[in-house]
Engineer: 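Pasting in a structure now, in structure tokens, and then I'll have a few things to ask.
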Amino acid sequence: MKSEHSERTVETQDVEDTTDTAGQPADAGHTDPATEAFVAHRNLLFTVAYEMLGSAADAEDVLQETWLRWAGVDLATVREQRAYLVRITTRQALSRLRTLGRRRESYVGSWLPEPLLTAPDVAEDVELADSVSMAMLLVLETLTPTERAVFVLRDVFDLGYDEIAEAVDKSPAAVRQIAHRARAHVAARRPRGIASPTETRDALDAFRRATETGDLQGLLDILAPDVVLLGDGGGVKQAVLQPVVGADKVSRLLAGGLGRLEAEWSLGSAQVNGYPALVLRLDGTIDTVVTLRVDNGLITGLYAVRNPEKLSHMRQETALRR
């Protein structure tokens with residue numbers, strides 16, 4: 001994971017500063033067709049890469065690689081630019097995902113996806129919000145790289161089997177089988193029902209009040225009996241190294257937590273990965289982002305990200321698109 005993205009983000013201006021597809025400097029004030037197409041689909045491509053990787057930093061790197069390959073394509077040979085760009089992005093993300101899988105095996109403590117500060121329009125798209133929620137991204141982590149790619153492209157972005165087959169180098173028939181297997185796997189592990197933003201906000205508010213006041217009973221009332229708390233400090237910040245399971249253990253851990261902090265702290269709310277979440281600030285700086293999984297009005301999952309390298313996308317909203 002690169003802190004603050006050591007490679008520059010591909011923004012519109014960045015792309016305009018590159019050479020054109022012939023390798024010559026782009027004319028001042030002129031945007032070539034390749035750049036226009038890439039910029040038009042950039043948010044979609046980022047969302048594809050992020051859902052496949054669970055990391056904004058790595059998704060940005062994938063977009064860099066996608067642009068470099070796209071800039072060298074003869075557009076006259078491209079039948080459908082969106083599908084072609086998605087195909088390049090998927091292949092680059094698959095390659096990176098296989099590498100990241102080996103890195104995550106040696107990660108200190110639990111590995112959690114990188115939280116994103118998202119705009120209200122993400123929450124309005126219920127299917128998109130569900131697909132980028134922390135709970136769903138953790139479910140996707142249990143799929144093989146190819147299963148994850150097929151599931152994301154088919155069930156989230158509604159691509160045809162033929163398009164997906166080209167992206168993952170499989171036959172359409174094989175893709176159908178992979179999609180069926182991945183869908184069953186996800187269905188067995190995903191939240192029992194998609195919690196609405198209102199349900200999540202109500203649970204979050206109750207959790208926040210109980211945590212701020214150290215109300216042990218209040219925490220027990222909002223936590224499911226089998227609640228699981230995961231913490232991600234990345235070996236840099238203190239966090240629980242193993243999952244904490246059960247309402248009693250989780251509530252006791254949290255009840256006195258804020259009271260032990262020596263720094264000045266504040267606990268605010270934010271829209272994270274399409275759902276309401278809590279942001280803990282110490283001396284005005286973001287220290288921890290806490291997202292929830294809610295089932296039937298009770299919190300069944302608490303995900304606390306403290307790793308500083310994963311908090312850079314909490315400073316400004318990230319645009320996500322389907």
Side-chain angles (χ1 to χ4, degrees), residues 1 3-5 56-57 109-110 112-123 129 132-135 137 195-223 227-241 244 247 249-294 297-318:
M1 184 70 66
S3 178
E4 299 298 328
H5 312 323
S110 300
L112 291 175
E114 187 174 347
L116 304 178
L117 185 66
T118 50
D121 64 334
V122 175
V132 298
S133 68
M134 195 69 71
L137 290 175
S196 69
T198 300
E199 289 176 308
T200 302
R201 190 175 297 108
D202 289 345
L204 189 77
D205 288 344
F207 174 78
R208 178 181 176 178
R209 287 193 299 271
T211 303
E212 287 179 325
T213 59
D215 180 3
L216 184 60
Q217 186 57 51
L219 284 170
L220 288 170
D221 290 342
I222 194 60
L223 298 177
V227 63
V228 178
L229 167 66
L230 299 178
D232 181 345
V236 180
K237 289 290 191 76
Q238 184 178 359
V240 292
L241 295 178
V244 180
K249 289 182 179 179
V250 172
S251 61
R252 292 184 184 281
L253 178 66
L254 295 173
L258 293 178
R260 293 193 296 268
L261 295 175
E262 296 180 0
E264 182 178 343
W265 61 267
S266 64
L267 197 58
S269 59
Q271 200 77 5
V272 177
N273 289 54
Y275 282 88
L278 290 178
V279 179
L280 172 65
R281 286 179 168 82
L282 300 184
D283 294 328
T285 301
I286 295 177
D287 177 83
T288 308
V289 174
V290 181
T291 55
L292 313 177
R293 169 173 165 166
V294 178
L298 295 178
I299 298 172
T300 56
L302 281 164
Y303 314 113
V305 178
R306 297 197 71 201
N307 185 346
E309 293 186 349
K310 293 187 176 185
L311 299 177
S312 62
H313 275 72
M314 288 298 300
R315 296 170 185 163
Q316 62 181 22
E317 290 179 351
T318 298

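We use all heavy atoms of the structure for the numbers below, so side chains are in, but hydrogens, waters and symmetry mates are not.
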Engineer: Taking all non-hydrogen atoms of both residues, which atom of Gly233 and which atom of Arg306 are closest, and how far apart?
Structural biologist: CA-CB, 4.3 Å
Engineer: Rounded to the nearest 0.5 Å, how far does OG of Ser251 lie from CD1 of Ile222?
Structural biologist: 12.5 Å
Engineer: Could you give the distance from CG (Asn273) to NE2 (His313), rounded to the nearest 0.5 Å?
Structural biologist: 11.0 Å
Engineer: Do you know the tightest heavy-atom contact between Ala239 and Gly231?
Structural biologist: CB-C, 4.0 Å
Engineer: What distance do Thr285 atom OG1 and Leu311 atom CG have between them, rounded to the nearest 0.5 Å?
Structural biologist: 11.0 Å
Engineer: Does any non-hydrogen side-chain atom of Asp287 lie less than 4.5 Å from one of Lys237?
Structural biologist: yes
Engineer: Considering all heavy atoms of both residues, which atom of Gly297 and which atom of Ala203 are nearest to each other, and what is their separation?
Structural biologist: O-CB, 4.4 Å
Engineer: What closest approach, in Å, do Ala277 and Thr291 show between heavy atoms, and which atom pair accounts for it?
Structural biologist: CB-CG2, 3.8 Å
Engineer: Of all heavy-atom pairs between Val294 and Thr300, which one has the smallest distance, and what is that distance?
Structural biologist: N-OG1, 4.4 Å
Engineer: Report yes if the side chains of Leu220 and Gln217 come closer than 4.5 Å at any heavy-atom pair, otherwise no.
Structural biologist: yes
Engineer: With the side chain counted from C-beta on, respond yes when Val122 and Gln271 share a heavy-atom pair under 4.5 Å apart, and no when they do not.
Structural biologist: no
Engineer: Could you tell me whether the side chain of Val279 reaches within less than 4.5 Å of the side chain of Leu117, counting heavy atoms only?
Structural biologist: no
Engineer: Mind checking whether Leu267 and Glu212 have side chains closer than 4.5 Å, heavy atoms only?
Structural biologist: yes
Engineer: Roughly how far apart are Phe207 CZ and Leu278 CG, rounded to 0.5 Å?
Structural biologist: 6.5 Å
Engineer: Could you tell me whether the side chain of Leu302 reaches within less than 4.5 Å of the side chain of Leu223, counting heavy atoms only?
Structural biologist: yes
Engineer: Looking at every non-hydrogen atom in both residues, tell me the closest pair between Arg208 and Gly268 and how far apart they are.
Structural biologist: NH2-CA, 4.0 Å
Engineer: Strictly distance-based, threshold 3.5 Å: is any side-chain N or O of Glu114 a donor or acceptor partner for the main-chain N or O of Ala57?
Structural biologist: yes
Engineer: Does some side-chain heavy atom of Arg293 sit less than 4.5 Å from a side-chain heavy atom of Met134?
Structural biologist: no
Engineer: Side-chain contact, heavy-atom cut-off 4.5 Å: Val132 with Leu116?
Structural biologist: no
Engineer: Does Lys310 use its side chain to pair, donor to acceptor, with the backbone of Leu112 at less than 3.5 Å?
Structural biologist: yes
Engineer: I'd like to know if the side chain of Thr118 and the backbone of Gly274 have a donor-acceptor N/O pair within less than 3.5 Å.
Structural biologist: yes
Engineer: Rounded to the nearest 0.5 Å, what separates atom OG in Ser266 from atom CG in Leu282?
Structural biologist: 8.0 Å
Engineer: Return the CG to CD1 distance between Leu292 and Ile299, rounded to the nearest 0.5 Å.
Structural biologist: 4.5 Å
